[in-house]
Number of protein chains: 2
Amino acid sequence: MNTIEEVLESKDIRITAMRLLIYKFLAEKEVAVTLSDIENAFEKADRTTLYRTVKTFEDKGIVHQIDDGTGITKYALCEKGCNCEIETDLHLHFHCINCNKTICLTDHKIPQIKVPDGFVSENVNLVVKGICDKCSS
Amino acid sequence: MNTIEEVLESKDIRITAMRLLIYKFLAEKEVAVTLSDIENAFEKADRTTLYRTVKTFEDKGIVHQIDDGTGITKYALCEKGCNCEIETDLHLHFHCINCNKTICLTDHKIPQIKVPDGFVSENVNLVVKGICDKCSS
DNA sequence: AATCAACTGCAATGGAAGTGCATTTTTAGC
DNA sequence: GCTAAAAATGCACTTCCATTGCAGTTGATT
């Protein structure tokens with residue numbers, strides 16, 4: 001169990017109050033969040049800072065970006081063992097069309113996809129849309 | 001082999017000069033196109049008209065929308081047998097990160113995806129990114 | 001030909017992503 | 001502890017795409 005500070009330092013991310021707060025916010029969420037979500041949670045902070053903070057997290061590999069088809073980029077913390085950059089490790093995402101939440105199904109790996117001859121696959125984005133467990137019950 | 005007019009009429013889309021031209025344009029393309037692509041091809045026509053025409057095609061089920069992760073919506077004609085609205089019929093898309101083209105791999109169906117208990121899957125979006133056949137050779 | 005509905009074009013809006021620059025905070029060297 | 005450099009933050013602004021309201025035009029029906 002590492003502290004947030006240790007996580008950030010291990011990834012060469014300098015520690016600031018802002019970053020600790022944003023990390024904490026992301027860690028508390030069980031769903032992927034938009035920049036606006038973060039913005040609403042930190043009304044005192046500037047959007048640019050939040051934007052760049054998340055980008056930094058992404059560059060350093062502790063956050064991954066999700067394109068769930070809503071047209072708005074969402075972000076989620078990479079969990080332990082999430083190697084977003086490795087093709088074979090990609091997990092899939094579930095987007096609830098009722099509550100509009102997007103959830104990482106970390107333990108649901110994407111099956112091997114065959115592509116035609118001559119095509120080279122580098123990355124796979126798989127989003128399942130439907131009704132989530134909370135909305136269907 | 002149906003004429004474009006027959007296709008449109010069979011889907012309850014009224015025939016106009018604009019629509020015939022746009023349909024023809026889409027049919028000639030082997031890749032998914034953005035609204036801007038269409039706009040460039042028809043400089044005399046207004047963006048709004050093109051936008052609404054494509055939306056109409058989409059509503060009536062002769063065009064499907066593709067979100068390939070570039071952040072820009074792309075469109076492609078549904079081919080014969082493409083029932084976009086039916087989950088099990090969804091095909092996958094390939095986005096070339098070199099030439100930026102997005103191709104429908106119509107005959108590559110998406111494998112059955114299992115979701116956790118309580119989740120109801122209605123739709124699946126699968127985009128493979130990499131290098132296309134033309135760019136890799 | 002007239003009427004009504006549908007289509008088209010122009011203008012404007014809104015949302016999100018991204019950038020340049022000045023200011024503040026943090027780090028590191030003395 | 002103080003100072004200079006580097007990094008982070010905040011503000012203003014821009015751009016791009018998607019979308020809508022409304023007026024004018026075209027097309028279908030009688």
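So that the names make sense, note that chain A is the first sequence line, chain B the second, and so on, each numbered from 1. Since this is a predicted model, take the numbers as computed values, not measurements. Computed from heavy atoms alone, side chains included, the values below leave out hydrogens, waters and symmetry copies.
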By side-chain contact (heavy atoms from CB on, under 4.5 Å), which residues pair with A:Asp46, not counting sequence neighbours? A:Thr48, A:Thr49

Tell me which residues in residues 24-44 of chain A put a heavy atom below 4.0 Å from DNA chain D, sorted by number, or none. none

Taking salt bridge (charged side-chain N to carboxylate O under 4.0 Å, His left out) as the test, write out the residues that go with B:Glu30, two or more places apart. B:Lys134

Going through the checks in order, is the side-chain contact (heavy atoms from CB on, under 4.5 Å) test met by A:His64 and A:His91? CA-CA 11 Å; A:His64 66 269; A:His91 58 270; 3.3 Å; yes

Base, sugar-phosphate alone, or nothing: which one does A:Thr53 contact when heavy atoms must sit under 4.0 Å apart? sugar-phosphate

So if I define the base as every atom that isn't primed, P, OP1 or OP2, how would nucleotides 18-29 of chain C read as a B/S/- string at a heavy-atom cutoff under 4.0 Å? BBBB-----S--

Using modelled atom types only, decide if a donor and an acceptor are shared between the side chain of A:Ser136 and the backbone of B:Gly118 within a distance under 3.5 Å. yes

So what stems show up for DNA chain C if we need 3 or more Watson-Crick or G-U pairs in a row, all under 3.5 Å? C:1-30 with D:1-30

Here the distance between atom P of C:dG9 and atom CE of B:Met18, to the nearest Å, is 7 Å

Stepwise side-chain contact (heavy atoms from CB on, under 4.5 Å) check, A:Ile131 with B:Glu122: CA-CA 8 Å; A:Ile131 312 291; B:Glu122 292 205 350; 4.3 Å; yes

Among pairs that include at least one residue of residues 9-24 of chain B, which meet side-chain hydrogen bond (donor to acceptor under 3.5 Å, both in side chains), considering only residues two or more places apart or in two chains? none

Common cluster, B:Val115/B:Val124, ILVMFWY with side-chain heavy-atom separation under 4.5 Å: yes

Leading and trailing nucleotides of DNA chain D with any atom under 4.0 Å from heavy atoms of chain A: D:dA7 to D:dA12

With sequence neighbours left out, the residues meeting side-chain contact (heavy atoms from CB on, under 4.5 Å) with A:Asp133 are B:Phe119

Qualifying residues under ring-ring contact (aromatic ring centres under 6.0 Å, His included), relative to A:His95, sequence neighbours excluded: none

Identify, with sequence neighbours excluded, every residue that meets side-chain contact (heavy atoms from CB on, under 4.5 Å) alongside B:Thr34. B:Ser36, B:Asp37, B:Ile72, B:Lys74

Interatomic distance, A:Ile4 atom CD1 to A:Ile22 atom CD1 [nearest 0.5 angstrom]: 11.5 Å

B:Asp12 CG to C:dC7 C1': how many Å, rounded? 16 Å

Any ring pair (Phe, Tyr, Trp, His ring centres under 6.0 Å) involving residues 37-61 of chain A? Give me the pairs, sequence neighbours left out, ordered by first then second residue. A:Phe25-A:Phe42

Residues at least two apart in sequence or cross-chain that pass salt bridge (charged side-chain N to carboxylate O under 4.0 Å, His left out) with A:Glu39, listed by chain then number, are none

